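Below is one structure, written out as structure tokens; comments come after it.
Only this structure's heavy atoms are used, side chains among them; waters, hydrogens and symmetry mates stay out. The shown structure was predicted, so the numbers you read here are calculated from the model rather than taken from an experiment. Whatever order the structure lists ligands and atoms in, that order sets their numbers, starting from 1.
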Amino acid sequence: MDRKMERTFVAVKPDAVQRGLIGEIIKRFERKGFKIIGLKMMQVDEATAKKHYAEHVGKPFFDNLISFITSGPIVAMVLKGIDVVEQSRHLMGVTDPRQANAGTIRGDYAQIMERNVVHGSDSVESAEREIAIFFEESELATSWHRDTRKWISQSKFENNV
Ligand code: UDP
Ligand code: MG
């Protein structure tokens, strides 16, 4: 199976920040072995929120989603790893926490879709689009290597993880 080195955008949503779950959520991705190359707490303004969730414009939940995501700070992250877009979605669990498997972030920490504690990009294309909304390239730590890489990823990625 082809393995691809990717980046993804993940955010700890305002509900999780309020509930004191920042560390719990970051930990899930960190212990999996993904490399954190961007990390910041920030208050999202309305224009940025609408840009980020542009695909949902016009849907019945859109206005509530925008007011929720701007209701308090988020913790924005860029992760790098093998197939990290899909793998981080697996760690998060499905959108509706009632269907999310136990052991996933949403399965363990959330009860309803409107307060599902974490965001993660759903494709490589949306990941790159979302990273560009929240981070300048200069804010990303792109050149460091996790020394665990040879124990976690294939050797062909050793200089790249
Ligand atoms: N959402 C909602 N009601 C819905 C569908 C989605 O409140 O019926 C929210 C939910 O917080 C979700 C976000 O809108 O995380 C974005 O929806 P999407 O379908 O992109 O889900 P995700 O990619 O976050 O799993
Ligand atoms: Mg989505």
Ligand 1 atoms in contact with E114 (distance to a heavy atom under 4.0 Å):
7 (O)
Would you sort out whether R98 and Q111 count as a side chain to side chain contact (heavy atoms under 4.5 Å, CB included), showing the intermediate values?
CA-CA 6 Å; R98 292 175 302 176; Q111 296 185 25; over 6 Å; no
Check this for me - ligand 1, M113, N or O atoms closer than 3.5 angstrom, yes or no?
yes
Does R19 count as lying over the ring of Y109, i.e. NZ or CZ under 6.0 Å from the six-ring centre, within 45 degrees of the axis?
no
Does ligand 1 come near enough to T95 that some N or O of the ligand is less than 3.5 Å from an N or O of the residue?
yes
Give the atom numbers and elements of ligand 1 that come within less than 4.0 Å of a heavy atom of N116.
10 (C), 11 (O), 12 (C), 15 (O)
Take atom CD in E139; do more than 12 heavy atoms of anything else shown fall under 6.0 Å from it?
yes
Where on K13 is there a heavy atom closer than 4.0 Å to ligand 1, on the side chain, on the backbone, on both, or on neither?
side chain
Should you measure from each heavy atom of R106, which atoms of ligand 1 turn up under 4.0 Å away?
15 (O), 22 (P), 24 (O), 25 (O)
Less than 6.0 angstrom from the centroid, inside 45 degrees of the normal: does K40 satisfy that with respect to the ring of F135?
yes
Working note: F134 + F9, criterion ring pair (Phe, Tyr, Trp, His ring centres under 6.0 Å); need CA distance, chi angles, decisive distance, verdict.
CA-CA 9 Å; F134 290 93; F9 174 73; 4.5 Å; yes
Measure H52 to ligand 1 on non-hydrogen atoms and call it side chain, backbone, both or neither using the 4.0 Å cut-off.
neither
Backbone or side chain, does any N or O of E55 fall under 3.5 Å from an N or O of ligand 1?
no
Proximity to ligand 1 by part of H56, non-hydrogen separation under 4.0 Å:
side chain
For the pair E24 and R28, evaluate salt bridge (charged side-chain N to carboxylate O under 4.0 Å, His left out) and give the outcome as yes or no after the intermediate values.
CA-CA 7 Å; E24 290 297 326; R28 301 297 184 109; 5.1 Å; no
